[in-house]
Amino acid sequence: MPYDPSSSEARWQKAWAEAGSFTAIRDERPKYYVLEMFPYPSGRIHMGHVRNYTMGDVVARFKRAQGFSVLHPMGWDAFGMPAENAAMEQGGHPRDWTYANIATMRDQLKPLGLSIDWSREFATCDDDYVHQQQAMFLDMLDAGLITRKSAQVNWDPVDMTVLANEQVIDGKGWRSGATVERKELTQWFFRISDYSDELLSALDGLSGWPEKVRLMQANWIGKSRGLQFRFATVDAPEGFEAIEVYTTRPDTLMGASFAALSPDHPLVKKLAETRPEVAAFIEECKRIGTTEEAIETAPKLGFDTGLTVTHPLDPNWQLPIWVANFVLMDYGTGAIFGSPAHDERDHEFATKYGLPIRATFGQPGMTLEQADELVAAAPFVPLKSETVTYVRGFAGDADQTGEAAVDAAIAHAEAQGYGEGVTKFRLRDWGISRQRYWGCPIPVVHCDSCGTVPEAKENLPVLLPQDVSFDVPGNPLDRHPTWRQATCPKCGGAARRETDTMDTFVDSSWYYARFTSPGADTPTNRADADYWMNVDQYIGGIEHAILHLLYSRFFARAMVKTGHLPEAAKEPFDALFTQGMVTHEIYMTRDAKGRPVYHLPEDVTDGRLADGTEVEIIPSAKMSKSKKNVVDPVNIVDSFGADTARWFMLSDSPPERDVEWTAAGAEAAYKFLTRVWRLAEETGADIDDPALIRSAHRAIADVTRSIEGFAFNKAVAKLYELANAIAKSKADGAPRKAALRIMAQLMAPMVPHMAEDLWSMADGQGMVVDAPWPKADPALLEDDTVTLPIQINGKRRAEISVAKDMPKDQIEALVMADETVIRFLEGASPKKLIVVPGRIVNVVA
RNA sequence: GCGGGCGUGGUGGAACGGUAGACACAAGCGACUUAAAAUCGCUAGGGCUUUGCCCGUGCGGGUUCGACUCCCGCCGCCCGCACCA
């Protein structure tokens, strides 16, 4: 009977489903919650999904075999713009498009044989999920976690919606191509910045997270300690008698040469009202654009207002107030003092506009003159931990580190009363209002007499109207004839519904908690949440290192505060694994005009198209539809079976690195599974082989350790070794089947269908999915004799075979008698003889 | 600019400070076959004066009996953040 995955995989999937093998239940076993980041229902599954979910499945099945009660759910991150875009382009309704995609993708996912508890499946656009998310929104609003305020947003005037920063490309909307405008809008915000310090310091406790992700989050939160103080202004308009300034280098205060304001600073706006040249300068700054590239290459522009401020340490010292395009309104206070001697940017500015450059400190031992000379052509910016000599110091010692000087300066300011030490964060509040239809409605109404009023819980869910069209740009909720009409829950009068919907990151910030009790009529059922949380192992792409994971960490805290999660779940993901991408070569030809034309891998054989045209091969890159370097998992499963796709995904490349999909690699995976199948078929009369059972037990130890360490590629290599050992062994009959059963158990997390077949062919009892994980017998892990390499002066020259527990002095005697050693020593005695038992011998001649 | 990661055969990659290149892909040779495919077996870092020796983990130093691994200094590539005061 040949290996035929097409029939056997479906059969085993049915058997597992009928046995309810993967239904998560609360029982006396220890629990284990493994979760992969849930997919967006774009239409089809791709190889990235296969890799992600295969890895999660290995962990889930492994833990299940080890005796854990495993929760391994699946759902759909179903709200979002692509559904609306599809409705605009092809007609139809986002809801229909989304649910049709979910059905397709579910059908594509199920044949992979994942050990998922499908009874817990939900989509974030389900009425029920919307309902509970809105209930939670009201709780969080009540708990002071949500606020409504005015903010600058990226506004696409064609699509008539707010764009996220990532959706603004070269100053234009990513979809419409229209120039994005800065617009002030009243928006709903989660007060994540209240948790800046907490979210930062708690990173230290996340020992199961990659260091890289923790660092990225720390950078994003961006904590800095500095001094906030006031410049008294001279002749400024009323209400601007002082300007608040923030600096992380207050120790350079005596090197100040100017004050600079952001073009968005209120004082600048005030001046623009009466002075056209100020307004013109603001316009000029805006033209440069908002992209990182533009900002990076933009020249430093300044405008001298003619106003001055008084230096806080010297009432007779006046500094000019400039407007500078590099000062950002949304960091610090939107105002700085320029310290050109010790700041790259300020130095460039001062040089351009002829402002003074005065050193505050110089290299150790320098005089004031030497230090001024040092900074004349280029700024002197040493690490804050380095000791320098202060030549214009005003607090602390003359020779001190920058850190000590900053502390001393803050202390000085606080003692003298002109400023105070302040900790600032880069992290902004999380704006969640989207002028979009296909999202979770924000459950509030606007009442003329009561203002903004939360919807009453008993009126939830606030569901989206179904009778909408997308033939004109903008949010269909705004122009719906009746949907906006609501009753004020407070006064009972007429009110208008909020038409903004929530950012879809809100949906994905708590789905992991909902999986613990997906049918509950509250956001979570506390008994279930208490039992299943936290997620023991979370697996997903590095692209979510900041936003999704940071929002989830905040949301878990908000859910703790509102009673929806236990205190212990405030860090919801105990361990995080970020897997690499699936890549493929790109095949390209050019059309008559020299434009690139891409070709699908299945249309290319040996570097040529079917008509013989040679293609240009571009090195492997992330699979993308536009470059056509995609392989459809459905085709692979159809031709080779799910186990082949799974096995290949786990082979060769370490999980955290990118893996290149190659046709040859997929075929090799298939060949290996076929070979294992044949190994199980060829059995005869009982012949024992003690070496084989040793190999099998070594494989148990190695594979177990590899899976625990997320080194699936090593686990695969060890299974190749075991297969080779079985093939070479003369063992047959029962002894051979014993080894095959171990093989089946070790392979089961990775290629579960093949493992079931192997298990039953080798006379395993029941299904291998129910067999407990094998334990390696320590007695079988070590051979009685070991081969000891002999190094002479650190180079391997010979080896001896000795009993595993041979005493050192006997080994030494054997080594000294070895003919290679004798030849190298040429009669002399060794300077040193190092014996590392069981490892190596080194003779130093 | 700041922060982090990575450099090992033709390729993907192994290697508690202890035999560098496990395992696999691609390649070559052989067996089986009329032939091919499939399968099985063998070879395989480079070099040489081949019982054996020399050189080899991006480059240059260092620590050590012993370094892919640890330390210092370079070079290259990748990722994240960035006029952040």
Side-chain angles (χ1 to χ4, degrees), chain A residues 210-220 222-224 226-228 245-250 252 260 262 288 292 294-301 324-328 330-339 342-346 348-349 381 383 424-426 542-543 545-546 620 648 651-654 656-660 662-669 671-672 674-675 678 702 706 711 713-724 727-728 787-799 819-820 823 830-845:
Chain A
E211 186 61 25
K212 181 187 171 76
V213 174
R214 290 194 280 168
L215 275 162
M216 282 165 74
Q217 292 218 350
N219 283 339
W220 187 265
K223 183 176 184 170
S224 69
L227 176 72
Q228 185 152 333
V245 176
Y246 174 71
T247 176
T248 56
R249 290 310 297 261
T252 66
S262 164
I288 286 166
E292 274 173 30
I295 288 166
E296 197 177 349
T297 53
K300 309 246 173 302
L301 292 183
N325 64 340
F326 61 84
V327 181
L328 307 175
D330 55 2
Y331 188 82
T333 61
I336 64 164
F337 76 82
S339 176
H342 306 293
D343 184 282
E344 204 78 50
R345 193 192 46 200
D346 293 350
E348 187 186 333
F349 191 80
V381 192
L383 293 175
K424 291 227 185 264
F425 295 92
R426 212 183 68 100
I542 188 76
E543 66 272 20
I546 297 175
S620 223
F648 179 70
S651 304
D652 295 345
S653 285
E656 66 277 12
R657 263 190 246 175
D658 291 351
V659 62
E660 180 177 26
T662 60
E667 274 161 37
K671 275 184 196 172
F672 174 71
T674 309
R675 181 161 157 251
R678 278 200 309 271
D702 290 343
S706 297
N713 57 322
K714 284 189 239 170
V716 165
K718 294 299 176 189
L719 286 165
Y720 270 104
E721 281 182 8
L722 179 55
N724 291 343
K728 279 205 170 68
T787 302
L788 229 45
I790 300 174
Q791 291 184 332
I792 298 169
N793 293 329
K795 284 186 197 297
R796 183 184 175 279
R797 296 294 178 183
E799 61 184 35
E819 61 178 89
T820 313
R823 183 158 54 80
K831 289 204 187 79
K832 214 168 180 181
L833 188 57
I834 294 144
V835 178
V836 185
R839 276 287 172 192
I840 205 162
V841 178
N842 196 2
V843 183
V844 185

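Per chain, numbering begins at 1; letters A, B, ... match sequence-line order.
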Chemist: Return the nearest nucleotide to the side chain of A:Met216; candidates are B:G80, B:C83, B:A82.
Modeler: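 Nucleotide nearest to A:Met216's side chain: B:G80.
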Chemist: Using a 4.0 Å heavy-atom cut-off, does A:Tyr246 contact any base of the nucleic acid, only the sugar-phosphate backbone, or nothing at all?
Modeler: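 Base contact - A:Tyr246 has a heavy atom under 4.0 Å of at least one base atom.
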Chemist: Does A:Val327 offer a backbone N or O that forms a donor-acceptor pair with the side chain of A:Ser262 under 3.5 Å?
Modeler: yes
Chemist: What does A:Ser651 touch in the nucleic acid at a heavy-atom separation under 4.0 angstrom: a base, only the sugar-phosphate, or nothing?
Modeler: nothing
Chemist: Over all strands shown, is A:Val844 touching base, sugar-phosphate only, or nothing at heavy-atom distances under 4.0 angstrom?
Modeler: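 Sugar-phosphate only.
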Chemist: Name the nucleic acid region contacted by A:Val843, choosing base, sugar-phosphate or nothing; use a 4.0 angstrom heavy-atom cut-off, strictly under.
Modeler: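 Result for A:Val843 = nothing.
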Chemist: Determine the Euclidean distance between corresponding P atoms of B:A27 and B:C32; express it in Å to zero decimal places.
Modeler: 22 Å
Chemist: Answer yes or no: is there a side-chain heavy-atom contact under 4.5 Å between A:Asn793 and A:Val844?
Modeler: yes
Chemist: Between atom CG of A:Asn724 and atom CG of A:Leu719, what is the distance when rounded to the nearest 0.5 Å?
Modeler: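 Between atom CG of A:Asn724 and atom CG of A:Leu719 there are 11.0 Å.
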Chemist: Let me have a per-nucleotide readout for nucleotides 48-61 of chain B, 5' to 3', with B, S or -, counting only protein heavy atoms under 4.0 Å.
Modeler: ----SSSS------
Chemist: As a test of the definition: with a 90° window around 0 for syn, would you call B:G56 syn or anti?
Modeler: anti
Chemist: Would you give the length of the straight line joining atom CG of A:Asp652 to atom CZ of A:Arg657, rounded to the nearest 0.5 angstrom?
Modeler: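 Between A:Asp652 CG and A:Arg657 CZ, I get 12.0 Å after rounding to 0.5 Å.
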Chemist: Between B:U51 and B:C68, how far apart are the P atoms? Round to whole Å, please.
Modeler: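 Each nucleotide's P atom is 27 Å from the other's.
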Chemist: Could you measure between the two P atoms, the one in B:C16 and the one in B:C70, and give it in whole Å?
Modeler: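 B:C16 and B:C70 have their P atoms separated by 11 Å.
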Chemist: Rounded to whole angstrom units, what separation is found between the NZ atom of A:Lys212 and the P atom of B:G3?
Modeler: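 For the pair A:Lys212 NZ and B:G3 P, the rounded distance is 15 Å.
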Chemist: Nearest to the side chain of A:Arg796, which nucleotide is it out of B:U19, B:G80, B:A24?
Modeler: B:U19
Chemist: Does a nitrogen or oxygen in the side chain of A:Asn724 sit under 4.0 Å from OP1 or OP2 of B:A24?
Modeler: yes
Chemist: I want to check something: taking the side chain as every heavy atom from C-beta on, are A:Asp346 and A:Phe337 in contact at a cut-off of under 4.5 Å?
Modeler: no
Chemist: Taking side-chain contact (heavy atoms from CB on, under 4.5 Å) as the test, write out the residues that go with A:Asn219, two or more places apart.
Modeler: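 So A:Asn219 forms no side-chain contact (heavy atoms from CB on, under 4.5 Å) with any residue.
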Chemist: Distance check, P atoms only: B:C25 and B:U43, in whole angstrom units.
Modeler: 16 Å
Chemist: Nearest whole angstrom, please: distance from the P of B:A67 to the CD1 of A:Ile834.
Modeler: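 It works out to 11 Å between those atoms.
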Chemist: Measure from the side-chain heavy atoms of A:Gln791 and tell me the nearest of B:A24, B:A85, B:A20.
Modeler: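 It is B:A20.
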Chemist: When the P atoms of B:A67 and B:G18 are compared, how many Å lie between them, rounded to an integer?
Modeler: 11 Å
Chemist: Can you tell me how far C1' of B:G3 sits from CZ of A:Arg426, to the nearest Å?
Modeler: 12 Å
Chemist: Looking at OG of A:Ser651 and CZ of A:Phe672, how far apart are the two atoms once the value is rounded to the nearest 0.5 Å?
Modeler: 8.5 Å
Chemist: Nearest-Å distance, CG (A:Asn713) to C1' (B:C25)?
Modeler: 14 Å
Chemist: Say we look at B:C71 and B:G47: how far apart would their P atoms be, to the nearest angstrom?
Modeler: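 35 Å, rounded to whole Å.
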Chemist: Pick the closest RNA chain B nucleotide for A:Thr662 and for A:Lys832 by heavy atoms, then say which residue is nearer the 5' end.
Modeler: A:Thr662
Chemist: Quick one: on RNA chain B, does A:Glu211 or A:Trp220 contact a more 5' nucleotide (nearest heavy atom)?
Modeler: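 Upstream on the strand: A:Glu211.
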Chemist: Please state how far atom CG in A:Asp702 lies from atom P in B:A15, giving the value in whole angstrom units.
Modeler: 11 Å
Chemist: Under a cut-off of 3.5 Å for both distances of each Watson-Crick or G-U pair, what dot-bracket string does RNA chain B give, using [ ] for crossing pairs and | for inter-strand pairs?
Modeler: (((((((..(((.....[....))).(((((.......))))).((((...))))..(((((..]....))))))))))))....
Chemist: With rounding to the closest Å, how many angstrom separate the C1' atoms on B:U34 and B:A26?
Modeler: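 Roughly 30 Å separates the two C1' atoms.
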Chemist: Output the single nucleotide from B:G18, B:G13, B:C65 whose closest atom is nearest the side chain of A:Ile840.
Modeler: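 The answer is B:G18.
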Chemist: Which one, B:A24, B:G80, B:A85, comes nearest to the side chain of A:Ile546?
Modeler: B:G80
Chemist: Strictly distance-based, threshold 3.5 Å: is any side-chain N or O of A:Asn842 a donor or acceptor partner for the main-chain N or O of A:Gly794?
Modeler: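 Looks like yes, one N/O pair under 3.5 Å.
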Chemist: For B:C81, does the base pair up with any side-chain atom of A:Asn219 as donor and acceptor (N or O, under 3.5 Å, distance only)?
Modeler: no
Chemist: Where the side chain of A:Ala664 is defined as all heavy atoms beyond and including C-beta, which of B:G12, B:C65, B:A26 is the nearest nucleotide?
Modeler: B:A26
Chemist: Say you draw a straight line from CZ of A:Phe425 to OH of A:Tyr331; how long is it, rounded to the nearest 0.5 Å?
Modeler: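 Those atoms lie 9.5 Å apart.
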Chemist: Kindly say if A:Arg345 contacts the phosphate of B:G1, meaning a side-chain N or O under 4.0 Å from OP1 or OP2.
Modeler: no
Chemist: Scan A:Lys714 against the nucleic acid and name what it touches under 4.0 Å (heavy atoms): base, sugar-phosphate only, or nothing.
Modeler: sugar-phosphate
Chemist: Go through the structure and list residues passing ring-ring contact (aromatic ring centres under 6.0 Å, His included) with A:Phe326, not counting sequence neighbours.
Modeler: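 Only A:Phe349 meet the ring-ring contact (aromatic ring centres under 6.0 Å, His included) criterion with A:Phe326.
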Chemist: Is it true that, when you exclude A:Glu211 itself, more than 12 heavy atoms of the residues, nucleotides or ligands shown sit nearer than 6.0 Å to its CD?
Modeler: yes
Chemist: Round to a whole Å and report the spacing from CD of A:Glu721 to P of B:A15.
Modeler: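 That distance rounds to 12 Å.
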Chemist: Atom NZ of A:Lys671 and atom CZ of A:Arg675: how far apart are they, to the nearest 0.5 Å?
Modeler: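 Going from the NZ atom of A:Lys671 to the CZ atom of A:Arg675 covers 11.5 Å.
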Chemist: Mind checking the CD1-CZ spacing from A:Ile834 to A:Arg839? Nearest 0.5 Å is all I need.
Modeler: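 Interatomic distance, A:Ile834 CD1 to A:Arg839 CZ, rounded to 0.5 Å: 15.5 Å.
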Chemist: Rounded off to whole Å, could you give me the CZ-to-P distance for the A:Arg839 and B:A15 pair?
Modeler: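 From A:Arg839 CZ to B:A15 P: 13 Å.
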Chemist: Please state the C1' separation for the pair B:U64 and B:G58 - nearest whole angstrom.
Modeler: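 B:U64 and B:G58 have their C1' atoms separated by 23 Å.
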Chemist: Please list, pair by pair, any protein nitrogen or oxygen found under 3.5 Å from a nitrogen or oxygen in nucleotides 37-42 of chain B.
Modeler:
from	atom 1	to	atom 2	distance (Å)
B:U39	O3'	A:Arg678	NH2	3.1

Chemist: Taking the side chain of A:Asp652 as its heavy atoms from C-beta onward, which of B:C65, B:A24, B:A85 lies nearest to it?
Modeler: B:A24
Chemist: Evaluate the criterion side chain to side chain contact (heavy atoms under 4.5 Å, CB included) for residue pair A:Lys718 and A:Glu721; output intermediate values, then yes/no.
Modeler: CA-CA 5 Å; A:Lys718 294 299 176 189; A:Glu721 281 182 8; 4.0 Å; yes
Chemist: Please state whether the phosphate of B:A85, meaning OP1 or OP2, lies under 4.0 angstrom from any side-chain nitrogen or oxygen of A:Tyr331.
Modeler: yes
Chemist: Listed by chain and number, what are the salt bridge (Lys or Arg N to Asp or Glu O under 4.0 Å) partners of A:Asp343, not counting sequence neighbours?
Modeler: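 Partners of A:Asp343 by the salt bridge (Lys or Arg N to Asp or Glu O under 4.0 Å) criterion, ordered by chain and then number, come out as A:Arg345.
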Chemist: Taking atom P of B:C78 as reference, at what distance in whole Å does atom CG of A:Asp658 sit?
Modeler: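 Answer to the nearest Å: 13 Å.
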